[in-house]
Amino acid sequence: MTAFSERIPYMRASADVVRVLFESVTDPGTITFGAGAPAKEALPVDEVAEISRDIFTKDGVGCQMLQYGNPMGLPELRQVVLDHLLTPHGLPARYENIIISNGGLEGLCMISHLYLEPGDVVLVESPTFVQTIETFQLFQARCMAVETDKDGFVIEALEENIKKYNPRLIYVIPTFQNPSGRTTTLERREAIAELARRYDVMVIEDDPYSELRYSGVALPSIKSFDTTGHVIYANSFSKIFSPGCRLGYVYADQEIVDRMYDVKTATNSLTNVYTQVICAEFFIRGYYPEHLKRLREIHGGRRDALMNSLAAHMPAEVTWVHPDGGLFSWVCLPDWLSSTELLPEVMAAGATYLPGRQFFAEGQPILDSCMRLSFGQIPPETIDKGVQIIAEVVKSKL
Ligand SMILES: Cc1ncc(COP(=O)(O)O)c(C=O)c1O
């Protein structure tokens, strides 16, 4: 058979992990702490049904939804991003600097198109979101992990790695990080923006979870400290509206966004107009504030249930992150235990999680004793049952 391009074997390992990630969602009989999806009860089904019915009867909108649109995105949705998502968070964005993407991941992929050559280094957190590693590896970039602690990137380590590798990009998820649930502190956000400026390296700030805050105080984004255009802010509608609608956006300096337009037309022309119209109308009709309250109630309740269940059932040797928001907690067993090896036993007993080893890039120790527990899709009573299953297996090994 004709050989595939060099990219395809290069991303083999991360692609295999991502495949498991998607397939772990499907078995209805298993309590799955694996999927990073929002609660099904938090999807705005009724509002979307109402908007869909109304919209086709409005003059001209039906045609607009079924027609080609602007590669930058639907004007109404770009305005929604500006008015409802960026400005309220103190980001002095301009409408012209916002481009709509096909889900958050396409934003990251477009940025990779702009910057990455084979062999380029991308500095990532340790651990980090595995699907983005897959994307960077599609461009044959080398992902190097940088030490983190409970407050995010260790800044001295980040600077050392910048000097050592002269990276093209730094990738960071500063708020309720995937997979750790941790949040980068204010001081470190400022420091990351400052390093980017000093060493002339681009930072991707990936921020899909910051709206899902259940406790603590909101922090300014890294982008808000950027005075030189070195930070590209990428976000998604997947966790606050619908992952199936595949909508996201990028906010960056004009020249970057202009080149993203070119990448967009060269790859998929434009983002789905149908879902953009529905999503924009959802915000324009004023549904978002109440919806966000509901998202926080549902997921915050699940976060609390997970924290209580871990405290009730896990042996003293196990530690975990108490996230102030998002969908994940990072649970660490004693370091001689492998979460990968325990998984088949946990699955046989009716639960599943993602072993920690899947979230590490080259350059830092792989913490296979840790696991990612995602609480978004599991009702509180079932969370307790799932944690008991995991805890029983862990206790049997101690
Ligand atoms: C940190 C992070 N970035 C990007 C994405 C991708 O988002 P989307 O589903 O909108 O492509 C996810 C999804 O889980 C994520 O956790």
Side-chain angles (χ1 to χ4, degrees), residues 14-15 17-25 32-40 42-43 73 77 81 85 99-112 122 124-138 143 145 148 152-153 169-184 203-213 221-223 232-251 264 267-268 271-272 275-276 279 295 299 321 323 325-330 354 358-361 372-377:
S14 54
V17 174
V18 172
R19 187 180 289 255
V20 171
L21 211 139
F22 273 101
E23 288 173 2
S24 74
V25 186
T32 174
F33 291 100
K40 71 174 176 6
L43 298 173
L77 191 59
V81 168
L85 299 171
I99 180 165
I100 303 295
S101 58
N102 212 322
L105 207 70
E106 197 207 12
L108 303 173
C109 195
M110 288 196 283
I111 299 164
S112 302
V122 181
V124 301
E125 292 162 290
S126 185
T128 190
F129 178 45
V130 62
Q131 202 170 359
T132 319
I133 295 185
E134 183 190 25
T135 301
F136 295 142
Q137 289 182 339
L138 178 62
C143 293
T148 61
F153 269 132
L169 294 170
I170 297 170
Y171 172 66
V172 54
I173 309 158
T175 309
F176 316 137
Q177 201 243 17
N178 183 359
S180 71
R182 291 185 183 125
T183 292
T184 301
V203 170
I204 305 176
E205 176 175 21
D206 188 11
D207 196 31
Y209 300 102
S210 61
E211 291 278 87
L212 302 183
R213 178 175 280 281
S221 61
I222 299 173
K223 179 72 184 156
I232 303 177
Y233 181 86
N235 212 327
S236 165
F237 284 96
S238 293
K239 317 295 170 172
I240 60 168
F241 179 66
S242 148
C245 284
R246 306 309 302 138
L247 294 171
Y249 59 95
V250 172
Y251 155 50
K264 186 84 186 157
T267 48
N268 59 22
T271 301
N272 185 327
T275 57
Q276 288 189 81
C279 182
L295 285 178
H299 295 118
V321 171
L327 300 177
F328 312 108
S329 177
W330 185 243
L354 289 182
Q358 307 182 345
F359 297 95
F360 290 88
R372 187 189 82 173
L373 295 191
S374 170
F375 49 85
Q377 289 206 302

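For ligands, and for the atoms within them, numbers begin at 1 and follow the listed sequence. Just so you know, these numbers use all the heavy atoms, side chains as well, and skip hydrogens, waters and symmetry mates. Starting from 1, each residue takes its place in the sequence as its number.
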Between [Y] and [X], is there a side-chain heavy-atom distance shorter than 4.5 Å?
X: F136; Y: L169; answer: yes
X: Y209; Y: P323; answer: no
X: N272; Y: R246; answer: no

Is F129 close to ligand 1, meaning an N/O of one under 3.5 Å from an N/O of the other?
->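 No, no N or O pair falls under 3.5 Å.
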Are any of the N or O atoms of I173 closer than 3.5 Å to those of ligand 1?
->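 Between I173 and ligand 1 (N or O atoms, distance only) the closest approach is not under 3.5 Å.
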Who's the nearest protein heavy-atom neighbour of [atom], and how far?
atom: atom 6 (C) of ligand 1; result: L105 N, 4.0 Å
atom: atom 16 (O) of ligand 1; result: Y209 OH, 2.5 Å
atom: atom 2 (C) of ligand 1; result: D206 OD2, 3.3 Å

Assess, by modelled atom type and distance only, whether the side chains of [X] and [Y] contain a donor and an acceptor separated by less than 3.5 Å.
X: K264; Y: S101; answer: no
X: Y171; Y: T132; answer: yes
X: N178; Y: Q131; answer: no

Which of the listed options, K239, E106, Q131, R246, holds the heavy atom that is closest to atom 14 (O) of ligand 1?
->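 Selected option, by shortest heavy-atom distance: K239.
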Name the option, out of G326, A234, P243, S238, that contains the heavy atom nearest to atom 8 (P) of ligand 1.
->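 Minimum heavy-atom distance to atom 8 (P) of ligand 1 goes to S238.
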Exam field: side chain S374 to backbone F328, donor-acceptor pair closer than 3.5 Å |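 Side chain of S374 to backbone of F328: no pair is present.
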Are the side chain of Q358 and the backbone N or O of V17 linked by a donor-acceptor pair below 3.5 Å?
->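 Absent.
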Could you tell me if any non-hydrogen atom of G248 lies under 4.0 Å from any atom of ligand 1?
->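 It does not, in that no heavy atom of G248 comes within the 4.0 Å cut-off of ligand 1.
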Compute the minimum heavy-atom distance from F237 to ligand 1 and say whether it is under 4.0 Å.
->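 Not so, F237 does not reach ligand 1.
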Ligand-residue contact atoms, ligand 1 with S236, heavy atoms, under 4.0 Å =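 So the answer, numbered in order with elements, is 7 (O), 8 (P), 10 (O).
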Short list, please: which atoms of ligand 1 are under 4.0 Å from a heavy atom of P208?
->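 So the answer, numbered in order with elements, is 1 (C), 2 (C), 3 (N), 15 (C).
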Is it the side chain, the backbone, both or neither of N178 that has a heavy atom closer than 4.0 Å to ligand 1?
->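 The answer is the side chain.
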